[in-house]
Amino acid sequence: MSITYPFTAVVGQDDLRLALLLNAVSPAVGGVLVRGEKGTAKTTTVRAVAALLPDVAVVPGCRFSCDPAAPDPGCPDGPHDPDPAGARRATKLVELPVGASEDRLVGALDFERALAEGVKAFEPGLLAEAHRGVLYVDEVNLLNDHLVDVLLDAAATGASYVEREGVSVRHAARFLLVGTMNPEEGELRPQLLDRFGLTVEVTASRETDERVEVVRRRLAYDADPAAFAARWAEEERRTRERIAAARALLPSVVLGDTVLRQIAATCAAFEVDGMRADIVMARTATALAAWAGRTEVTADDVRQAALLALPHRRRRNPFDAPGLDEQKLDEALEQARQEAEQAANDVDERPGPDDDPEPDPDPDGGPGPDGGPEGGPGGDGPGGGGGVPPQREDTAGPEAGDSAPDTGAEPASPQPGAGAGAAAGAEQPPSAAGEPYRTRALTVPGLGEGAAGRRSRARTAQGRTTGAELPHGRLAALHLTATLRAAAPHQRARGRAGAGLVVRRADLRQAVREGREGNLVLFVVDASGSMAARKRMVAVKGAVLSLLLDAYQRRDKVGLVTFRGAGAELALPPTSSVDAGAARLEKLPTGGRTPLAAGLLRAHEVLRVERLRDASRRPLLVVVTDGRATGGPEPLPRAARAARLLAASGVASVVVDCETGPVRLGLAGTLARDLGAAAVTLEELRADTVSALVKDVRRAA
Ligand SMILES: [Zn+2]
């Protein structure tokens with residue numbers, strides 16, 4: 001397939017183009033999610049293909065793009081008389097900016113006119129504009145929660161419904177949803193993920209040939225833009241014609257019994273939830289056949305449809321790798337084919353409607369999660385792979401000696417105590433993480449104003465109303481009683497005569513609402529020898545993994561600072577990608593001394609930079625440590641000074657105390673006091689323990 005967008009070299013771009021074209025052929029396919037790093041020209045490609053979509057007929061003057069052949073009876077600009085002629089315009093590509101307000105998306109009601117004149121004045125939003133077109137969301141994974149909810153509603157019902165203080169407007173909103181995301185910046189909510197019919201991965205090309213071709217085209221364009229454009233215009237014209245032909249062919253395409261079985265078997269093999277995947281696959285395969293000019297769906301169509309429709313549906317939790325196991329796919333397809341053949345040969349045995357697709361030939365090689373490819377990516381070191389923790393015997397336990405002030409701050413030197421050996425003193429292979437569990441809620445005290453999320457209390461556009469105020473700029477949510485109260489004293493002066501209240505703009509009051517915000521959860525994790533030696537790291541990693549999962553659900557940003565040996569390291573710069581955090585955690589090396597002060601100072605620096613970047617996102621510092629500090633002169637007093645520095649900066653923090661065993665030094669408690677933090681034990685971190693109910697996380701300052 002040739003490409004229309006000539007200036008990029010991107011792997012997966014043909015897939016992306018195909019996915020978009022299939023939606024053009026059959027809008028029922030349900031949209032495309034484009035996953036890929038930055039600089040892969042995702043937006044350019046989407047725009048280029050959207051420009052190829054056929055024109056639509058609209059009622060002239062209708063702001064809601066009514067189809068003249070069948071105008072929406074409830075159209076706010078209606079009623080329209082049926083008029084087969086109408087006007088034609090190009091299909092729109094409407095971009096939803098990630099930071100858009102809800103009003104911008106769903107439209108806005110003019111309260112002043114509604115109240116003062118009793119007129120329902122509605123200014124359409126992006127959903128109205130996107131009706132019968134493409135709604136494009138760049139970085140859809142960064143979209144605010146409440147916008148996602150609105151999108152999901154519209155996608156599910158094909159309509160947008162706006163209600164403010166008893167005034168409501170409803171209009172049709174059916175659109176092709178196209179989103180892009182950089183997976184490193186965080187995943188999508190499963191409900192939204194499921195709304196995208198297809199998903200495509202794109203990566204920047206490392207192939208020399210492709211890059212050369214791109215440069216060549218660019219030079220050709222610069223040399224003679226007109227000739228170049230003419231050549232591509234011809235290409236585009238052919239594509240438009242092909243879309244129209246495929247659309248016309250689509251109703252005649254037949255989905256045979258064999259391919260239907262293959263679809264069902266594939267969905268079963270990849271353990272997708274519900275029936276949506278089967279349906280999307282069937283539609284995609286049908287569109288593929290039409291696009292190829294065929295009236296029969298082939299096994300190849302099914303295979304291609306699976307590659308486009310299943311990768312995002314088979315994912316079970318945010319830490320699974322993307323993509324589809326193609327070998328497993330081929331096995332499922334082949335087996336379903338054989339079964340269909342057998343069913344056809346066997347005259348007595350017709351496949352009934354409740355015939356379950358046979359999942360697998362041999363019972364022991366089932367499609368369970370363990371049947372996947374063995375060995376993790378990279379595969380460096382033992383335990384780099386799957387979820388089964390290889391129980392290493394790390395008996396080297398320099399526990400008694402490691403809080404002593406050893407001045408030789410050399411990370412590699414074995415510590416005093418039981419013949420630890422160089423391996424334990426320096427770096428040990430990463431230990432596995434314990435099973436994640438539900439953690440109790442850690443929050444930032446006070447009332448924030450950060451991005452919507454599910455952690456700390458905050459003033460938000462959504463949430464329950466707690467008061468009224470004069471609007472700042474445009475009124476977003478009317479506080480009706482406060483508005484009426486403001487208008488009431490002026491009625492006589494304003495010469496009120498009729499039934500309606502005379503309301504002026506100055507009377508309008510904005511509702512003050514309180515909801516939840518997401519925070520920046522910065523973990524500071526002790527990865528020194530003392531933590532590893534006592535096999536504590538499994539529990540500690542399990543705790544951090546649990547907190548990461550919690551952060552994912554609460555829509556936080558996360559960051560990870562670790563300290564061990566000679567100093568501290570920013571293992572994960574603040575990101576919305578919890579996957580990235582889990583991956584770093586998995587590979588986290590342990591061993592060496594315990595430079596606690598360095599870890600705290602590094603955190604202080606990270607938070608300072610993040611405050612500059614986004615002052616409204618309040619941080620929560622989670623220090624995972626037993627409170628010990630070794631290495632360098634006066635390690636404990638230095639750590640205490642670093643802790644007080646953090647406290648002085650006003651950051652809310654929690655110390656997760658990892659000290660175990662019968663004899664405890666209680667150093668984590670001291671650290672917590674210096675930080676102005678609460679201390680919780682690993683045990684108390686679990687949401688389901690009794691002690692979790694007793695402790696309250698509160699900043700002492
Ligand atoms: Zn209309």
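Counting starts at 1 for both ligands and their atoms, following the listed order. Just so it is clear, the structure is predicted and the values come from calculations on it, not from any experiment. Below, each value reflects all heavy atoms present in this structure, side chains not excepted, and no hydrogens, waters or symmetry copies. Positions are given from 1, in the same order as the sequence printed here.
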Please find out if the Zn ion (ligand 1) and some N, O or S atom of His171 are separated by less than 2.8 Å.
no
Between Asp72 and Arg174, is the closest basic N to carboxylate O distance under 4.0 Å?
no
Of the options Arg238, Arg237, Arg231, which is the one that meets Glu235 in a salt bridge (Lys or Arg N to Asp or Glu O under 4.0 Å)?
Arg238
Note: SG(Cys75)-the Zn ion (ligand 1)-NE2(His80) angle, rounded to 10 degrees, equals 110°
If the plane angle is over 60° it's perpendicular, under 30° parallel, otherwise tilted; pick one for Phe122 and His171.
tilted
I need the single residue from Arg89, His131, Lys92 that forms a side-chain hydrogen bond (donor to acceptor under 3.5 Å, both in side chains) with Ser65. Which is it?
Arg89
With the Zn ion (ligand 1) at the apex, how many degrees lie between SG of Cys66 and SG of Cys62, rounded to 10 degrees?
110°
